[in-house]
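Below is one structure, written out as structure tokens; the observations come after it.
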Amino acid sequence: HLSELYRNFINPDPSLTALHLVWMSSSGGPTPPFTTLSVSRPAETITHVEICRPEKRNAMNKAFWLEMVDCFNQITEDSECRVVVFSGAGKLFTSGIDLMGMASDILQPEGDDTARISWNVRRIITKYQETFSVIEKCPKPVIVAIHGACIGGGVDLITACDIRLCTQDAWFQVKEVDIGLAADVGTLQRLPRVIGSRSLVNELAFTARKMYADEAKSCGLVSRIFPDKDTMMAGALEMAGEIASKSPVAVQGTKVNLIYSRDHSVPEALNYINTWNMSMLQTQDLMKSAQAAMEKKSLKDITFSKL
């Protein structure tokens, strides 16, 4: 069970909100059995996942690509968790793919001829794509908090998240053309849907130039900028606490339908939510939320069942 992996679990007084929680960086390193991730519970319903290779600038090695899938699959099944906060340890969010660690997969694929080599390369790319798609498939909202550099694979990662926050010193770079390849694990597919401007996406992807925090906010890549990492993490936890206080049926259903709507026409998406809500509207959470509104109570005072 995922709760067994949470070494840094904190069980706060129920009267506390995320606003009162103080974020603490993972000083103990990765959380076993993971070697690249630290997983903790800053509040009962909030999971904090942190890339934890600060000595390697949080570069994404072979273990990272596998551990992300295991981690988020477990979070999906964790009925306690309602929101995820994702961040990077150390001085920056991530420097992207660990080229030295991944060279054998990329530069020396197995196979006796072109067809077999290509088949294996496709299999490898598909596996790597799942590393970030698993974030999108997870029904719990994922808030990503970015500080310093977010390069290459980092952009693939954050575009799969639901809410993006950053520090004033953050910068973003679609780096792949500089190392001789087209980005293939999500950036070219998700970034155009995130920021809306094809011209800007094309410019970033073709030139590999850096985009700084103010431009990232103005184009919609991030929704908020904070002066420093500690302030950002406090803000991320406050936001996570607000989301976690609401009906998990409503919140998770909202995420599923937002993603479906992004990828389908309006009539198709309306039909999907119609079918979804013919069962989900029968939840007790609806009456609890309505009663809280009538009694002018905060949803933080209402107990919703696990999902």
Side-chain angles (χ1 to χ4, degrees), residues 1-3 6 9-23 39-49 72-86 135-145 161-165 223-224 226 231-264 266-307:
H1 192 278
L2 185 62
S3 61
Y6 294 149
F9 183 84
I10 301 172
N11 189 14
D13 185 311
S15 65
L16 294 178
T17 66
L19 179 62
H20 299 106
L21 294 171
V22 178
W23 170 75
V39 184
S40 59
R41 290 295 275 266
E44 185 178 356
T45 54
I46 301 170
T47 299
H48 178 209
V49 180
F72 273 89
N73 280 339
Q74 292 177 70
I75 288 172
T76 294
E77 297 300 320
D78 181 8
S79 61
E80 297 279 355
C81 174
R82 297 185 184 180
V83 187
V84 180
V85 174
F86 194 100
I135 300 172
E136 201 169 73
K137 292 176 183 177
C138 177
K140 289 79 186 285
V142 180
I143 302 168
V144 62
C161 297
D162 302 294
I163 298 170
R164 288 167 292 278
L165 314 176
S223 53
R224 297 191 191 181
F226 294 84
T231 306
M232 175 180 64
M233 294 307 300
L237 284 174
E238 181 180 3
M239 184 181 296
E242 186 67 28
I243 294 169
S245 73
K246 304 181 190 303
S247 159
V249 172
V251 170
Q252 294 180 42
T254 295
K255 174 169 178 175
V256 168
N257 277 274
L258 281 170
I259 292 174
Y260 186 93
S261 179
R262 180 198 65 188
D263 297 333
H264 295 79
V266 171
E268 288 172 322
L270 285 171
N271 184 61
Y272 190 79
I273 188 66
N274 191 359
T275 304
W276 183 275
N277 264 357
M278 72 183 190
S279 57
M280 293 299 107
L281 286 177
Q282 298 180 60
T283 177
Q284 295 180 354
D285 294 10
L286 187 61
M287 293 302 297
K288 290 180 178 180
S289 299
Q291 185 175 353
M294 288 187 292
E295 295 177 359
K296 298 183 178 180
K297 289 183 178 179
S298 168
L299 290 178
K300 292 183 175 67
D301 298 326
I302 306 301
T303 301
F304 294 109
S305 298
K306 299 174 185 178
L307 183 61

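Everything numeric in this text was worked out from a predicted model, so none of it was measured.
- The salt bridge (charged side-chain N to carboxylate O under 4.0 Å, His left out) check on R262 picks up E136, with sequence neighbours excluded.
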May I have the step-by-step check of side chain to side chain contact (heavy atoms under 4.5 Å, CB included) for L299 and S289, ending in yes or no? CA-CA 7 Å; L299 290 178; S289 299; 4.2 Å; yes

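- Side-chain contact check for I243 versus M239: some heavy-atom pair is nearer than 4.5 Å.
- Taken from SG in C81 to CD in E44, the straight-line distance is 11.5 Å, to the nearest 0.5 Å.
- Interatomic distance, K297 NZ to Q291 CD, rounded to the nearest 0.5 Å: 6.5 Å.
- Across E242 and S245, no two heavy atoms sit closer than the pair O-OG, 2.7 Å.
- With sequence neighbours excluded, no residue satisfies side chain to side chain donor-acceptor pair (under 3.5 Å) with N257.
- Here the side chains of R82 and V251 are not in contact, with every heavy-atom distance at 4.5 Å or above.
- Taking both residues in full, the closest heavy atoms of V142 and F86 are given as CG1-CB, 4.3 Å, listed atom of the first, atom of the second, then distance.
- Counting only residues at least two apart or on different chains, the side-chain hydrogen bond (donor to acceptor under 3.5 Å, both in side chains) pairs with a member in residues 266-276 are S265-E268.
- Nearest heavy atoms, D162 versus K140: OD2-O, 4.0 Å.
- Of the residues listed (V85, V84, I143), the one engaging I46 in a side-chain contact (heavy atoms from CB on, under 4.5 Å) is V85, and it is the only one.
- When atom types are taken as modelled, the side chain of K255 and the backbone of P139 share no donor-acceptor pair closer than 3.5 angstrom.
- Distance CE/M287 to OG/S247: 13.5 Å, rounded to 0.5 Å.
- In plain terms, the two heavy atoms of L281 and L286 that are nearest each other are O-CD2, 3.7 Å.
- A pairwise comparison of heavy atoms in M233 and H48 identifies CE-NE2, 3.8 Å as the closest pair.
- S261 contributes atom OG, which lies 7.0 Å from atom CG of L258 (distance to the nearest 0.5 angstrom).
- Looking at P248 and D285, their side chains come closer than 4.5 Å, going by heavy atoms from C-beta outward.
- Scanning for side chain to side chain donor-acceptor pair (under 3.5 Å) contacts around K288 gives an empty result, with sequence neighbours left out.
- K296 is linked by a salt bridge (charged side-chain N to carboxylate O under 4.0 Å, His left out) to nothing, counting only residues two or more places apart in sequence or in another chain.
- Inter-residue side-chain proximity for I75 and V49 is flagged as met; some heavy-atom pair is nearer than 4.5 Å.
- Between Q282 and M278, the closest side-chain pair of non-hydrogen atoms is not below 4.5 Å.
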Determine, stepwise, if the pair R41 / D78 fulfils side chain to side chain contact (heavy atoms under 4.5 Å, CB included). CA-CA 12 Å; R41 290 295 275 266; D78 181 8; 2.8 Å; yes

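- Put simply, the side chain of S223 reaches to within 4.5 Å of the side chain of L165, judged on heavy atoms.
- You'll find the side chain of M280 stays beyond 4.5 Å of the side chain of V256, heavy atoms only.
- Sorted by first and then second residue, the ring-ring contact (aromatic ring centres under 6.0 Å, His included) pairs involving residues 283-307 (not counting sequence neighbours) form an empty list.
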